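From a predicted model like this one, the values you see are computed outputs, not experimental measurements. Chain naming here is simple, since letters A, B, ... match the order of the sequence lines and numbering starts at 1 in each. Computation of the quantities below employed the complete heavy-atom set of this structure, encompassing side-chain atoms and omitting hydrogens, waters and symmetry-equivalent molecules.
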There are 2 protein chains.
Amino acid sequence: MGKRASAELGSARADEGLGGNGRDEAIYRNLFVAIVENHLAPGTKLPEDTLAETYGVSRTSIRKVLQRLAHERLVDVRLNRGASVAQPSVGEARDIFSARRIIECGAIPQVVAKATPTALETLRDLVRREHAAQDRGDWRESIYLSGAFHVELMRLSGNETLTDFLTQLVSRSSLVIATYGSPQTASCRHSEHDDVIEIIAGGDVDGATRWMDRHLRDVERTVVLVEEEPAPSDLKKILEEVAQRRPKLR
Amino acid sequence: MGKRASAELGSARADEGLGGNGRDEAIYRNLFVAIVENHLAPGTKLPEDTLAETYGVSRTSIRKVLQRLAHERLVDVRLNRGASVAQPSVGEARDIFSARRIIECGAIPQVVAKATPTALETLRDLVRREHAAQDRGDWRESIYLSGAFHVELMRLSGNETLTDFLTQLVSRSSLVIATYGSPQTASCRHSEHDDVIEIIAGGDVDGATRWMDRHLRDVERTVVLVEEEPAPSDLKKILEEVAQRRPKLR
DNA sequence: AAATATTGAATTGTGTCCAAAGTGATTCTA
DNA sequence: TAGAATCACTTTGGACACAATTCAATATTT
C-alpha cells in the first residue's frame with residue numbers, strides 16, 4: 001500500500017474536540033464516505049431504524065451521527081421527518097464555490113510560506129493516486145482524492161480552523177457535483193493539480209493565487225451550469241409543456 | 001424598543017437546516033448567549049443533570065444542545081468527562097483571527113457590491129446600539145453587538161455559508177477575548193465601526209478591505225498579546241524559576 | 001366521480017433506566 | 001506520617017419504551 005499520505009477527508013478532529021467513541025466514529029466515517037463518494041444519491045432518506053440495525057447499534061448512536069452530518073450540511077434533518085442526504089440548491093452551490101475561492105485563494109500566502117519539500121512530496125503522491133484512479137475509471141475515488149488534495153493543500157497553511165471549514169466545503173462540493181452535472185464531466189477533466197504544486201514550490205504566491213481562482217471557476221462552470229431546476233410549484237406548467245409536445249397519448 | 005435590527009448571533013439557520021424544536025432552540029440560544037457574553041467563564045463545567053433541571057427537560061435534550069455547541073467549538077466535550085466551556089489555545093486564537101482576516105476581507109467586494117442604503121441603515125442602527133451599550137458601561141452587550149456588526153456586514157454579501165462560518169468565528173473570538181486580555185481593553189476601544197460603513201457606502205472596495213484588515217489586526221493585538229501561557233510540560237521549569245527567585249519558603 | 005375526512009401503520013421525539021467510567025475520600029500499610 | 005490502594009459516590013454513555021407526529025391508503029360525502 002506504499003506510504004499512503006494521511007489524506008482523509010472529514011473527521012479531521014475525530015478523537016479530539018468533540019466526544020466520540022471509536023464505534024460512533026466508524027459509523028460516521030462510513031456514512032460520510034457513502035455520501036461524499038455518491039453511493040447515496042442526494043435526497044435519499046436515512047431512516048434511523050434501518051441504520052441502527054445495519055450497524056448493530058441503537059437509534060441513540062445513529063441519531064448522534066446524523067446530527068453531526070446535519071451540522072456539516074451533508075444531510076438535511078427536518079422536524080419529525082427524519083434525515084436525508086442533502087441536495088444543495090443552486091444558490092447554495094454558488095455560495096460554496098464562492099466561499100472556496102475566498103478561502104483557498106486567501107490562504108495561499110501562508111501555504112506557500114509553509115510549504116516544505118516533504119509536504120510537497122505528500123501532495124505529489126496524492127496527485128499520483130488521483131491519476132491512477134482516473135486512469136482505471138474509478139471516478140468515485142477520483143472525486144474523493146481530488147477533494148483530499150485541496151484539503152491537504154490547506155492543511156499546509158497550519159490553520160486548523162480553515163482546514164475544517166474547507167473540509168466541509170469540499171464535501172459539500174462533492175454533493176453539488178452529484179446533484180448537478182454529469183459524472184465524468186466534473187471530475188475527470190480537471191486534474192491539473194500537478195501544476196499548482198510546482199508553482200507553489202517556486203514560491204510564486206501571485207501565480208498560485210491566480211491558478212487557484214481559475215481552477216475553482218473552471219470546476220464550478222463545468223458543474224453548476226444547470227441554471228435552475230424546476231421548482232415543485234411549477235409542476236403543473238411542466239406537465240402542460242409535455243402535453244403540448246405530445247398532444248395525444250399514444 | 002424601536003426598530004431593532006434582526007441582529008442575532010448564532011442560530012442563523014435555526015428553523016431551517018437542522019432539526020430543532022422551539023424549546024431546544026431556546027435552550028441552545030440561552031447557553032450560547034451565556035457563553036459568548038462571558039457569563040460562563042471558559043473552562044466552566046456544564047453537567048448534564050444541572051442543565052436538565054435548570055431548563056426543566058431531560059438529559060436527552062441537553063445532550064443534543066451540548067453536541068451542537070461542541071460542533072461549533074464553543075464547548076469541549078471529552079469522552080466520559082462531560083462538557084465544559086471551551087478555552088481556546090493561543091494557536092487556536094491565532095487561527096481564528098487569521099481566518100477572519102481572510103474571510104472578512106475576501107468578502108468585501110461582494111459586500112460593497114450588494115450594499116443598499118437600507119442595509120447600511122441597519123448597520124448604522126447596530127453601531128448606535130453598540131455605542132449606547134459602551135456609554136453605559138455594558139461591556140457584555142458591547143462585545144455582543146460588536147460581533148453582531150461583523151456578522152451583519154457579512155450577511156450583506158448574500159453568502160449564507162460564509163455568514164455561518166463567520167458567526168462561528170465571531171463567537172469563538174468572544175471566547176478568546178474572555179480567555180486572554182482584560183475585559184475593557186478588548187471591546188471598548190475599537191468601535192470605529194462607523195468608519196467602515198461610510199467607506200462601503202462610497203463604494204471603495206480597496207479602502208474597505210484595508211480598513212478591515214487593519215481593524216482585525218488591531219483587535220487581535222489588543223487581545224492575544226499574551227504570548228504563550230505555560231504549557232503543562234513547562235510546569236517544572238516554571239516552578240524551578242520561581243524557586244530560583246525565592247530560594248527559601250517563608 | 002372528485003374532493004375531503006378518517007383511520008392506521010410507520011417513523012421520529014422524548015423521558016427514563018441501567019451499566020460503565022471517572023472522581024474523591026477513606027483506610028491501610030510501610 | 002507519607003504514599004498507595006480500595007471503595008463509595010457522582011456523572012456520563014447507550015439502549016429501551018412510550019408518546020406524538022407524519023404519511024398514505026381507505027372510506028365517506030356531495
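Rounded to an integer number of Å, the gap from B/Lys45 NZ to C/dG22 P is 12 Å. In this structure, B/Leu46 places its CG atom 13 Å from P of D/dT11, rounding to the nearest Å. When rounded to the nearest whole Å, the span between CD of A/Gln67 and C1' of C/dG13 equals 12 Å. Atom CG in A/Leu51 sits roughly 17 Å away from atom C1' in D/dA15 (whole-Å rounding). Counting to the nearest Å, the C1' atom of D/dA15 and the OH atom of A/Tyr55 are 19 Å from each other. The separation between A/Arg78 atom CZ and C/dG13 atom P is 12 Å, rounded to whole Å. Whole-Å rounding puts the A/Leu79 CG to C/dT14 C1' distance at 12 Å. A/Glu53 has its CD atom 15 Å from the C1' atom of D/dC16, to the nearest Å.
For the residue pair A/Arg23/A/Ser61, the side-chain donor-acceptor check at 3.5 Å is not satisfied.
B/Phe165 has its side chain out of reach of B/Asn159: every pair of non-hydrogen atoms, C-beta onward, lies at least 4.5 Å apart. At a threshold of 4.5 Å between non-hydrogen side-chain atoms, the residues B/Arg94 and B/Glu220 count as touching.
For a distance-only test at 3.5 Å, the side chain of B/Thr60 qualifies as a donor-acceptor partner of the base of C/dG15. The base of D/dG13 sits with one of its N or O atoms less than 3.5 Å from a complementary donor or acceptor on the side chain of B/Arg59.
Side-chain N/O atoms of A/Lys64 include one lying less than 4.0 angstrom from OP1 or OP2 on D/dG14.
At a threshold of 4.0 angstrom between heavy atoms, the contacts of B/Arg81 are confined to the sugar-phosphate backbone, with no base atom among them.
Considering only the side chain of B/Arg63, D/dG13 comes nearest among D/dG13, C/dT16, C/dG13. When each of C/dT12, C/dA21, D/dG14 is scored by its nearest atom to the side-chain atoms of B/Asn80, the top-ranked nucleotide is C/dA21.
DNA chain C is contacted by both A/Asp49 and B/Ser61; A/Asp49 maps to the nucleotide lying nearer its 5′ end (nearest heavy atom per residue).
Between A/Glu92 and the choices A/Arg73, A/Arg172, A/Gln87, the side-chain hydrogen bond (donor to acceptor under 3.5 Å, both in side chains) rule is met once, by A/Arg172.
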